[in-house]
Amino acid sequence: MFENEKQALNQVVARFCEKRGLPAGKLERRKIPFSGEWGMAAPLFPLAAADPNKSGPVPAHAQFLAEALAAELQGLAGFARVEASKGYLNLYFSSSEYAQKALEDVLAAGSAYGSQPQSGGPVMVEYSNVNTHKPIHVGHLRNVILGGTICRMLEAAGHPVIRANYIGDIGLHVIKWLYNYERFHAGEKPAADIMRWMSDIYTEAERHFASDPAYEAEVRAYFNRWDAGDEEIRALWLKTRDWSMAGFEQTYQLLGEHFDRIYFESEVEDSGKLLVEDLIERGIAEDGRPENPVIVDLDKLLGTKEEYRVVVLLRSDGTSLYATKELPLAMLKFEEYPLEQSIYVVDVRQTLHFKQAKKILELMGFEPAQRMQHLAYEIVNLPGNVTMSSRDGTVVLLDDLLREASQRAQNIVAEKNAALSLEQQQEIAREVALGAIKYPMISRETTKVVTFDWESALDFNGQSAPYIQYAHVRANSILRKAGLGLEAADLPANFAYELNSSEINLIELLTELPDLIVRAAKELKPSLIATYAYDLAKAFNDFYNTCPVLGAEEPQRGARLALVAAARIVLEKSLRILGIDAPQEM
RNA sequence: GUUCCCGUGGCCUAAUGGAUAAGGCACUGGCCUCCGAAGCCAGUCAUGUGGGUUCGACUCCCACCGGGGACACCA
């Protein structure tokens, strides 16, 4: 925006610096923190501090330089006003021109507004990572929503994205489930709600296993049969794994997520064991079998002290572990795709595990290891800092939460939009409920624990997805009443009048999305988009309450209609990145 | 013991090292003959402690306090 003007500005600044013997470093530019006028600000403190001719304290000298520079910049094209204040140089744009340009950008781009052109190699994002034969609960939700949002942010920032899901399809938990099924549910088929049906069997299995030593022994024996390659058990395993995956698919569809590549744990077990043999031969791993496990003593190899610790790669009986499979999986990803980056969205408790895995790969000379990145997010707890666990039964199932939230949303929709069909009401209620559930998972920083409680999860007021959706609905409603389509790309945005501060704030926010997308993708911070969407909705509501649109005279009416259309586009766009639907009515 | 993360009004959260620390919940009072009140307006209240770096620190560094996590055969 205003590239010519900025260049002219840079030239004047460069001359100014040269004349005074100041370092030529470009002047930093930032937003003016006061609302109501547009422009950019430049703090002159760094220049003042570096000035060899400085006399007196830095702030005073910064103000002196700002005034001198302001004098040189008077009358520069594209700027309505230049002022020096408290050591800052403030440059104000001429409002109508700026507004016009900003709205043209949004309306011309439409739903592509803010997205960058595609560039670079693909990025793989591994997320979800659930275990078969267990339920997906609210504790898993943050991962899925976070991962999905990261993918959409990266795509908007121009990166091709491959969505990967690493499924835990083997292990004792699976054996427990299979045995319990054979013993008490043989021949049964999954109920319509697959997840709940499988979850119930799993809970039952855990109960028997924990309370009955004889039962536990039977499960262990069953595990041995599995290990020996028992055909019958293998077949049952594959069949029930499919059921489980079908259940997951229902949930992913509900959440609007999909995956391009599913990796199964069972898929990398054998290659993991082979890799360990290689590591032993190369002297990286130490083989202590049969008394002791196969380990990599990273601290010993690296000369570090209690930093990388010891990794166990195989049990003393030769069976594989979590770490065994991580290594071949990491390599497989780079074999299958020319990845520019390989991101793991996995909770913070596995930080050491990923640090170790990456280091072992580096020791092996696996160059792409440096392109692996672990996004460690904090978990979702229940009040009282209770961690959700399907084993302990301290879980909130997504279905239960969604059903309750949808019901509550539907009551409100029915009250406000009685004319809509029941199906429409239900569809809207689902979108609102899902948004309300998703938003708290991404609106705070990934390093902060989310505490789930029913009351705030079902609250559709305040800083929440429904608030943002509502602003979108109102914008849509105005456009509909004006007889306009949603995109309204050919609206003449003529801002030849004195804009008020609510209009200015709103337009200013619209212009921020493109840069924000780039930054959010770079820093892997969905919370930036989430708070932005809320700020935008708030600014729109302020505008809505302050400025009449349909009843206004020209040129306000046309300009404000264009502004409503642009705001609607950007609200919908930011919601879409967050994976939240923007209903037309609610 | 080693190490990582968190600490901002009563509660929850925001703030690329930059000007007056921004919102939400809760509480109190007000606003629907006016584009949708899931909304808007008004009011009280905050950077754990002590040092340091810097022209300038919620932000960076050190120490401490408080909370949580990770650290050899779970994943």
Side-chain angles (χ1 to χ4, degrees), chain A residues 28 30 32-34 41-46 48-49 54 57-62 85-88 90 129 131 168 171-173 265 288 292-295 297 305-317 319 321-323 325-326 346-353 355-356 376 378-379 381 385 387 409 412-413 415-417 432 436 440 443-445 447-451 455-456 459-467 469-471 473-482 515 519 523 527-528 530-531 534-535 538 541-542 544-552 560-561 564 585-586:
Chain A
E28 182 194 0
R30 49 197 317 110
I32 298 178
F34 314 105
L44 286 172
F45 304 102
K54 162 178 65 152
V58 169
H61 191 58
S85 170
K86 297 176 183 171
Y88 291 82
N90 294 332
N129 295 10
N131 293 324
L172 184 59
H173 78 274
E265 220 177 300
N292 290 302
V294 178
I295 61 162
D297 190 339
K305 214 181 136 197
E306 291 187 74
E307 190 184 346
Y308 287 93
R309 310 279 168 167
V310 167
V311 184
V312 179
L313 283 184
L314 285 180
R315 290 193 185 87
S316 41
D317 66 3
T319 54
L321 289 154
Y322 189 46
K325 300 155 207 156
E326 199 66 71
V346 182
D347 80 60
V348 67
R349 292 171 297 190
Q350 290 173 41
T351 302
L352 180 60
H353 163 79
K355 190 175 163 183
Q356 292 172 328
E378 268 291 357
I379 59 175
N381 277 343
N385 216 22
T387 300
I412 302 175
V413 177
E415 181 191 315
K416 306 210 176 250
N417 283 301
V432 170
S443 61
R444 63 203 75 216
E445 296 218 37
T447 52
K448 295 203 177 179
V449 176
V450 171
T451 301
E455 196 188 339
S456 56
D459 187 0
F460 301 152
N461 299 313
Q463 182 166 3
S464 64
Y467 178 96
Q469 290 168 319
Y470 184 64
V473 162
R474 283 173 137 191
N476 189 50
S477 181
I478 292 178
L479 296 175
R480 200 170 45 232
K481 283 200 164 66
D515 286 349
R519 191 182 144 211
E523 300 178 10
S527 63
L528 294 176
T531 47
Y534 173 74
D535 289 342
K538 193 161 178 58
N541 277 332
D542 185 27
Y544 182 94
N545 284 302
T546 313
C547 303
V549 178
L550 296 176
R560 286 176 179 166
L561 267 177
V564 171
E585 299 174 79
M586 64 188 273

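What you see is a predicted model, and the numbers here were worked out from it, not measured in a lab. Each chain gets a letter, A, B and so on, in the order the sequences are listed, and its residues count up from 1.
- Comparing B:C35, B:G18, B:C40 against the side chain of A:Val549 picks out B:C35 as the nearest.
- Taking 4.0 angstrom as the limit, A:Arg444 places a side-chain polar atom (N or O) nearer than this to OP1 or OP2 of B:U13.
- Across the strands present, B:A63 finds its partner in B:U49; the criterion is a Watson-Crick or G-U wobble pair with both atom distances under 3.5 angstrom.
- Nearest nucleotide to the A:Val310 side chain, out of B:A72, B:C55, B:A15: B:A72.
- Counting only heavy atoms from C-beta on, A:Arg474 has its side chain closest to B:G39 among B:C35, B:G39, B:G69.
- Residue A:Tyr308 places no side-chain N or O under 4.0 Å from the OP1 or OP2 atom of B:A70.
- Rounded to an integer number of Å, the gap from CG of A:Leu528 to P of B:A15 is 7 Å.
- The A:Ser316 side chain lies nearest to B:C73 when the options are B:G24, B:C25, B:C73.
- Under the Watson-Crick and G-U wobble criteria, each requiring two contacts below 3.5 Å, nucleotide B:U28 is paired to B:A42.
- Across the strands present, B:C34 finds no partner; the criterion is a Watson-Crick or G-U wobble pair with both atom distances under 3.5 angstrom.
- The nucleotide whose nearest atom lies closest to any side-chain atom of A:Gln463 is, among B:C40, B:G24, B:G18, B:G24.
- Figure legend. B:U3 is base-paired to B:G69; pairs are counted as Watson-Crick or G-U wobble with both atom distances under 3.5 Å.
- Between the base of B:A15 and the side chain of A:Asp535 there is no donor-acceptor pair shorter than 3.5 Å.
- For A:Asp459, the side-chain atoms get nearest to B:C25 when compared with the rest of B:A19, B:C41, B:C25.
- Across the strands present, B:A22 finds its partner in B:U13; the criterion is a Watson-Crick or G-U wobble pair with both atom distances under 3.5 angstrom.
- Take the nearest nucleotide of RNA chain B for A:Leu172 and for A:Val58: the residue whose nucleotide is more 5' is A:Val58.
- Among B:G24, B:C55, B:A19, the nucleotide with an atom closest to any side-chain atom of A:Tyr534 is B:G24.
- Rounded to whole angstrom, the span from the CG atom of A:Asn129 across to the P atom of B:C74 amounts to 20 Å.
- Here the side chain of A:Glu265 is nearest to one of B:C35, B:C40, B:A75, namely B:A75.
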Base-contact (B) and sugar-phosphate-only (S) positions in nucleotides 1-11 of chain B, heavy-atom cut-off under 4.0 Å, - elsewhere: BB--SSS----
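- One finds no side-chain N or O of A:Asn545 lying less than 4.0 angstrom from the OP1 or OP2 phosphate oxygen of B:C41.
- If you check every strand for non-hydrogen atoms under 4.0 Å, A:Gln350 touches a base.
- Side chain of A:Val312, nearest nucleotide from B:A15, B:A72, B:G36: B:A72.
- Of the listed nucleotides (B:C74, B:C55, B:C35), B:C74 has the atom at the smallest distance from the side chain of A:Leu321.
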